[in-house]
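What follows is a short report on a single structure.
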Amino acid sequence: GTFEEQKAIFEKCQKLAQGKLGFTLPAFGEHWSGTTEETEKAVQATPEIKLWLYGPKKPQFFKRLSLPRIMGLENPTFVPDFDKFKATYEKVGFKQEVMVLQGHAAAWDDARWAGFVKIIEFLQSKNCVLMTPSEYLKSIADKKTM
């Protein structure tokens with residue numbers, strides 16, 4: 001959609017979150033449909049959003065924190081496959097200071113859940129720190145004040 005349409009959606013989401021949850025949403029992660037320059041402008045025009053998950057590698061308009069997609073938790077989508085994850089991690093993941101990993105737990109059966117658990121245990125064995133987007137924002141803010 002246009003900048004105006006997307007900005008209105010972000011404003012509505014923030015208003016609903018504040019009204020129903022008591023807080024605004026500091027992170028945005030796009031849906032499967034992707035984004036445009038108009039999305040980037042609309043996200044920038046939403047001051048509550050401090051972090052863009054799977055955002056542009058080189059943002060033109062968004063001036064806060066954008067974390068691009070490095071690798072996936074699931075491969076293919078809905079399948080946390082440990083062997084595929086480990087192979088990709090050993091090629092590109094281990095070099096990263098921070099990675100965003102998205103899962104679709106509602107689509108997992110017991111075997112997929114077991115794959116997810118194995119991935120988490122692997123990441124922990126590599127001393128990776130797992131946190132929510134809000135926890136990550138707090139951790140980098142805390143570093144700035146030190």
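Counting begins at 1 with the first residue of the sequence.
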Residue list, salt bridge (charged side-chain N to carboxylate O under 4.0 Å, His left out) with Lys41, at least two apart or on another chain: Glu38
When you look at Thr77 and His104, which way does the side-chain contact (heavy atoms from CB on, under 4.5 Å) test go after all the steps? CA-CA 8 Å; Thr77 301; His104 301 86; 4.0 Å; yes
Is the NZ atom of Lys118 crowded by more than 12 outside heavy atoms at less than 6.0 Å? no
How close do Gly1 and Gln6 get, heavy atom to heavy atom, and via which atoms? O-NE2, 2.7 Å
In one Ile/Leu/Val/Met/Phe/Trp/Tyr side-chain cluster, 4.5 Å: Val98, Leu51: yes
Joining Ile, Leu, Val, Met, Phe, Trp and Tyr whenever any side-chain heavy atoms lie under 4.5 Å apart, the cluster holding Tyr89 also takes in Ile70, Met71, Leu73, Phe82, Phe85, Val92, Phe94, Met99, Leu101, Trp108, Trp113, Phe116, Val117, Ile119, Ile120, Phe122, Leu123, Leu130
Looking at Lys12, I want to see if its NZ is surrounded by more than 12 non-hydrogen atoms of other residues, nucleotides or ligands under 6.0 Å. no
Count the heavy atoms of every other residue, nucleotide or ligand shown that sit under 6.0 Å from CG of Asp110, and state whether that count exceeds 12. no
Grab the two heavy atoms, one from Pro68 and one from Ser66, that are nearest each other, plus how far apart they are. CD-O, 3.5 Å
Side chain of Glu30, backbone of Gly55: donor and acceptor closer than 3.5 Å? no
Taking every heavy atom of Arg112 against every heavy atom of Asp109, the minimum-distance pair comes out as N-OD1, 2.9 Å
Which atom of Pro133 lies closest to which atom of Ala27, heavy atoms considered: CB-CB, 3.9 Å
Whichever hydrophobic residues join Phe62 through chains of side-chain contacts under 4.5 Å: Phe10, Phe28, Val43, Ile49, Trp52
Partners meeting side-chain contact (heavy atoms from CB on, under 4.5 Å) with Ile140 (sequence neighbours left out): Leu65, Tyr136, Leu137
Is there a side-chain contact between Tyr54 and Gln102, using heavy atoms and a 4.5 Å cut-off? yes
Say you draw a straight line from NZ of Lys63 to CD of Glu40; how long is it, rounded to the nearest 0.5 Å? 7.5 Å
Would you check if the side chain of Glu74 reaches a backbone N or O of Asp81 as a donor-acceptor pair within less than 3.5 Å? no
Counting N and O atoms only, with roles assigned by atom type, does the side chain of Gln14 sit under 3.5 Å from a partner on the main chain of Leu25, one being a donor and the other an acceptor? yes
So Gln44 and Arg64, side-chain contact (heavy atoms from CB on, under 4.5 Å) or not? Walk me through it. CA-CA 8 Å; Gln44 177 61 30; Arg64 286 168 245 148; 3.3 Å; yes
Can you sort out the partners of Lys7 under side chain to side chain donor-acceptor pair (under 3.5 Å), two or more places apart, ordered by chain and number? Glu11
Donor-acceptor check, side chain of Glu5 to backbone of Thr2, threshold 3.5 angstrom: yes or no? yes
With sequence neighbours excluded, residues passing side-chain contact (heavy atoms from CB on, under 4.5 Å) with Gln18: Thr24
SG of Cys128 to CD of Gln96: how many Å apart, nearest 0.5 Å? 11.0 Å
